[in-house]
Amino acid sequence: MTASVISPEVVVVMLHQGEITHARQVPYQPEPQDRLETSGSDTWVIRQGQALGTLVSPDQNILYGFDQYTETPFNADRASQPRSYRIQSQDDPVYQQPATPAEVHRKSKPVDLARTGRNGDLRWAMEHRFYLRLPTALTPGKTYKIELTEQELPPLTFTYQPDRQFSEAVHISAVGFRPDDPLKVGFLSTWMGTGGGLSYPEGLSFQVIDEANQEIVFTGQASRRHRSGDVEDGRDRTYTLADVDQLDFSTLNQSGRYRLCVDTVGCSSTFAVANDAWQQAFRLAARGFYHQRSGVALGHPYTDVVRPRPFHPDDGVTVYQSSTGLMDTGNGLNAQGTDQGNFANLVRGRTNTTVANAWGGYFDAGDWDRRIQHLEVARQLLELLELFPQPMENLALNIPESDNDLPDLLDEVLWGVDFFRRLQTPEGGVRGGIESSEHPRRGETSWQESLPIMAYAPDPWSSYVYAGVAARTARLMSTYAPSQSQSYRDSALAAMDWAEARHESGIKAQEWPRHRIEADRALAALEIYHLTGDRAWHDRFVAAQSAIPAEAINDYRIAIPQREIAFLYSRLPDEQVDADLQAELRAALLAEADAALNTGQTTAFGWTKLLPSTPVGWGDGLGAPKARTLLRAHALTDSDRYLQAALLACQFSAGANPDNMTYTTGLGHKSPQNPLIVDQRITGDLLPGITLYGPIDTGFYGDEWFFGVLESVAVPPARQWPSIETYFDIYFVPNINEFTVMQSMADAAYAWGYLTGRD
């Protein structure tokens, strides 16, 4: 239990209730009376009428039981009453006689979840915050004691020192800033749960204080950035139910460690102004891809995480060929396939033919898929290497390939690209990835997978996506390993030729998938043109672009490859492009960047979106900065306004938010502990560098099932929370606690990598 201050009149009492011990695997010791019961893909052990857990691994000789919950005696409802508190001071005359708060407001959220039985038995570890509005303001330098009556808790004693004490109301990036960053800001705000937003006096003074010598190095005044309830984006949403003040200290360019302190309120966590501030975050994010690798064991000397090798043929893993392509499933482009589940078409097409040497790639969050969409990681990392060769070449990632002659970042790229190169058929077609027949069995880790494993059939869409990334890889390899470049070039051309031969017959699907395939076809042709210089590929690129109706270009799904096309074509030399088309694509990119910049000006904390109309959630959640288009606009124009907007957009996900946490595991003072990562949940080994989806729009996603579960747990009810505070660190909420390597992890890595590499 702790006490802190958010204003001279409001003290926060915070405590945790409940302790959870997560289930771990143990050897199964059968007894004669045990009964095995199958439910879906799980095998339950029933002993004397009680479920012990599920059997896991192909040999079914390991038992995964249930979490354990230990109750902490505490009555949160009673603690919500003013009469439950006595506030007293020996040196503040006003409080020499015990006083009670005028009001008490409550904000309670779950911070972990225990599944204690088979039938959905859930227990919650809770974080309670009680906001005590005092009858009289505190006096700086005075010491106070708070007692909770009728609770088995010791009294709290604190000295009110707003120039040195942490306050949850002051928000700052855990990443910090480079000295030459043209924007350095923090924020001031508090939503008090049942008490609503706290309104601070406008124009409060603030200071930046050097941690080394306690000297004030900057003084400024807060400016009101957002008023509670104001619309924040193109969806007419308000995500922030409190006023927000901006604390701007952009001119501070001296390296050091600091805290940001607001008069009468308190201070932020410490932060750095350092030349390597963004580099440290980028390195963590880049190493996150290593921690998501399939087909390799994790361990020393590369990481403290110990994990056996999963999904490798040398360990007896068999991958069967499916006759269904990724584009024809719900995990690809066939949204109608989700009516029978994302896996149905894949499983229906399973054959007895095996696929040799099918290993590698990256896992996502709650399952073991490795799909063609993951190549977005390679595309973005290659772009950073091309934009900033020297900083990216010098980046040391401590990965197994670090002792070769290639930059570590390029080695990480090749891990993802080579997986799909191994899935390429002799004819050139590229399989869209590897998938198990269903989500993992309960309690089963990646290296214990016992479900059938299948490779998608080659399809034109997957082949186009691969062809474009392989062509870019070949182009970069010509600089760093010329002797290896040709093999990637040949692979890219073979994939493209295979897809082109099946172009008409292969994309006669529903209307929007057809346009998406044309967009990826155009991107692949453009990448090959950039690689070869052969004008025929430019003509194919133009033809594919022309095949997409104007009304479909702005579809958010079509926009994914269109963004890549716009940036790549805008950077080609004048003699290699059609000037009018280049101007058109450049204008489209800058228009999208301007829209993102404008969104960042209206959101309370400066975060932005790729498209103003995009719902906040899933791959467009607030866990990763959506700054790529802004940074590309900066690369094209060298305009500070885009760089400043991108820096602002990076603050929220890096810790400058009401939860004062990052959404990347292992980053900063406070980061996710319970991401939806199956291996981590079962073993307890935290995987660092994983950026999660993060907070979501309650207005758009409020009907999701988990909000119903949380409705009676959180106070106020979960649907009444401001969207920016909807990160619940409880493992099982997919569109908050999950991630993908290409949506959230790649977005964070690209933004932090760009800010690392720029001049």
Side-chain angles (χ1 to χ4, degrees), residues 4-12 14 105 107 129 131 133 137-138 140 160-177 183-193 195-209 216-230 232 238-252 258-271 600-607 622 647-662 668-670 695 722-725:
S4 60
V5 176
I6 59 170
S7 86
E9 296 85 16
V10 182
V11 173
V12 186
M14 191 270 284
H105 306 294
K107 181 163 68 175
R129 296 176 189 268
Y131 296 86
R133 186 174 289 278
L138 301 173
Y160 176 42
Q161 296 174 297
D163 62 342
R164 61 185 59 205
Q165 289 172 324
F166 172 77
S167 173
E168 67 177 62
V170 186
H171 320 302
I172 196 71
S173 165
V175 172
F177 306 90
L183 179 135
K184 304 179 187 75
V185 296
F187 303 94
L188 171 69
S189 76
T190 304
W191 179 70
M192 300 185 296
L198 179 60
S199 182
Y200 290 95
E202 294 196 38
L204 284 175
S205 295
F206 71 88
Q207 303 84 37
V208 178
I209 300 176
I216 296 174
V217 297
F218 185 93
T219 299
Q221 279 191 308
S223 61
R224 185 63 36 98
R225 178 181 172 87
H226 170 82
R227 298 188 185 276
S228 178
D230 284 356
E232 294 188 56
T238 180
Y239 304 95
T240 310
L241 302 182
D243 294 344
V244 178
D245 287 354
Q246 183 165 301
L247 314 169
D248 193 324
F249 53 98
S250 298
T251 58
L252 175 63
Y258 303 99
R259 63 182 184 272
L260 177 64
C261 302
V262 178
D263 282 359
T264 75
V265 176
C267 303
S268 70
S269 300
T270 59
F271 65 95
Q601 291 176 340
T602 60
T603 58
F605 285 85
W607 52 265
L622 298 179
L647 285 163
L648 183 61
C650 287
Q651 300 306 301
F652 186 94
S653 59
N657 58 63
D659 281 322
N660 297 301
M661 69 177 296
T662 73
H669 306 277
K670 181 182 178 184
S723 296
I724 58 168
E725 296 194 40

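As the structure is a prediction and not an experimental result, all values here were calculated from the model.
- Side-chain contact between Val10 and Val5 is absent, with no heavy atoms from C-beta onward closer than 4.5 Å.
- Under the 3.5 Å distance criterion, the side-chain polar atoms of Ser723 are left unmatched by any main-chain donor or acceptor of Tyr239.
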Please test Met192 against Lys107 for side chain to side chain contact (heavy atoms under 4.5 Å, CB included), starting from the C-alpha separation and ending with a verdict.
CA-CA 6 Å; Met192 300 185 296; Lys107 181 163 68 175; over 6 Å; no
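- Phe605 has its side chain within reach of Val244: a pair of non-hydrogen atoms, C-beta onward, lies under 4.5 Å apart.
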Evaluate the side chain to side chain contact (heavy atoms under 4.5 Å, CB included) criterion for residues Leu183 and Val185: first the C-alpha distance (whole Å), next the side-chain angles of each, then the deciding distance (0.1 Å), finally the verdict.
CA-CA 6 Å; Leu183 179 135; Val185 296; 3.8 Å; yes
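- When the side-chain contact (heavy atoms from CB on, under 4.5 Å) test is applied to Ser173, the partners found at least two apart in sequence or on another chain are Val175, Phe177, Gln651, Ala654.
- Residue Phe187 comes nearest to Ala604 through the heavy atom pair CE2-O, 4.2 Å, listed as atom of the first residue, atom of the second, then distance.
- Looking only at atom types and distance, the side chain of Thr190 has a donor-acceptor partner in the side chain of Tyr200 under 3.5 Å away.
- Put simply, OG on Ser228 and CH2 on Trp191 are 11.0 Å apart, with the number rounded to the nearest 0.5 Å.
- Every residue two or more places apart in sequence or in another chain that forms a side-chain hydrogen bond (donor to acceptor under 3.5 Å, both in side chains) with Glu168 is listed here: Arg129, Tyr131.
- For the side-chain contact (heavy atoms from CB on, under 4.5 Å) test, residues two or more places apart in sequence or in another chain that qualify with Arg227 are Glu202, Arg224, Asp230, Asp243.
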Apply the test side chain to side chain contact (heavy atoms under 4.5 Å, CB included) to residues Leu252 and Val217: give CA-CA distance (whole Å), side-chain angles for both, the deciding distance (0.1 Å), then the verdict.
CA-CA 8 Å; Leu252 175 63; Val217 297; 4.0 Å; yes
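- Under the rule for a side-chain contact (heavy atoms from CB on, under 4.5 Å), the partners of Ser269 that lie at least two apart in sequence or sit in another chain are Phe166, His669.
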Report the C-alpha distance between Leu622 and Ile724 in whole Å, list the side-chain angles of each, state the deciding distance to 0.1 Å, and finish with yes or no for side chain to side chain contact (heavy atoms under 4.5 Å, CB included).
CA-CA 8 Å; Leu622 298 179; Ile724 58 168; 4.1 Å; yes
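- Once rounded to the nearest 0.5 Å, the distance linking OG of Ser7 with CG of Leu138 reads 8.0 Å.
- Taking OG of Ser250 as the start and NZ of Lys184 as the end, the distance is 6.5 Å to the nearest 0.5 Å.
- Side-chain atoms of Phe206 and Phe218, non-hydrogen and from C-beta on, do get closer than 4.5 Å to each other.
- The side-chain contact (heavy atoms from CB on, under 4.5 Å) search around Ser205 returns Gln207, Gln221, Asp263, not counting sequence neighbours.
- With hydrogens and angles left out, the side-chain atoms of Ser4 and Gln165 include no donor and acceptor closer than 3.5 Å.
- Side-chain contact of His171 with Asn657: a donor-acceptor pair under 3.5 Å is absent, judged by distance alone.
- Using a 4.5 Å cut-off on side-chain heavy atoms (C-beta onward), Thr240 and Pro722 make no contact.
- Without hydrogens or angle criteria, Arg133 side chain to Val11 main chain gives no donor-acceptor distance under 3.5 Å.
- For Glu9, there are no salt bridge (charged side-chain N to carboxylate O under 4.0 Å, His left out) partners two or more places apart in sequence or in a different chain.
- The nearest pair of heavy atoms linking Ala242 to Gly197 is CB-CA, 3.8 Å.
- Rounded to the nearest 0.5 angstrom, Leu260 CG and Ile172 CD1 are separated by 5.0 Å.
- If you take CZ on Arg225 and CD on Gln246, they are separated by 5.0 Å, rounding to the nearest 0.5 Å.
- Note: Phe271 and Phe249 have tilted aromatic rings, judged against thresholds of 30 and 60 degrees for the angle between ring planes.
- Here the side chains of Pro162 and Val265 are not in contact, with every heavy-atom distance at 4.5 Å or above.
- Atom CG of Asp659 is separated from atom CZ of Phe652 by 7.5 Å, given to the nearest 0.5 angstrom.
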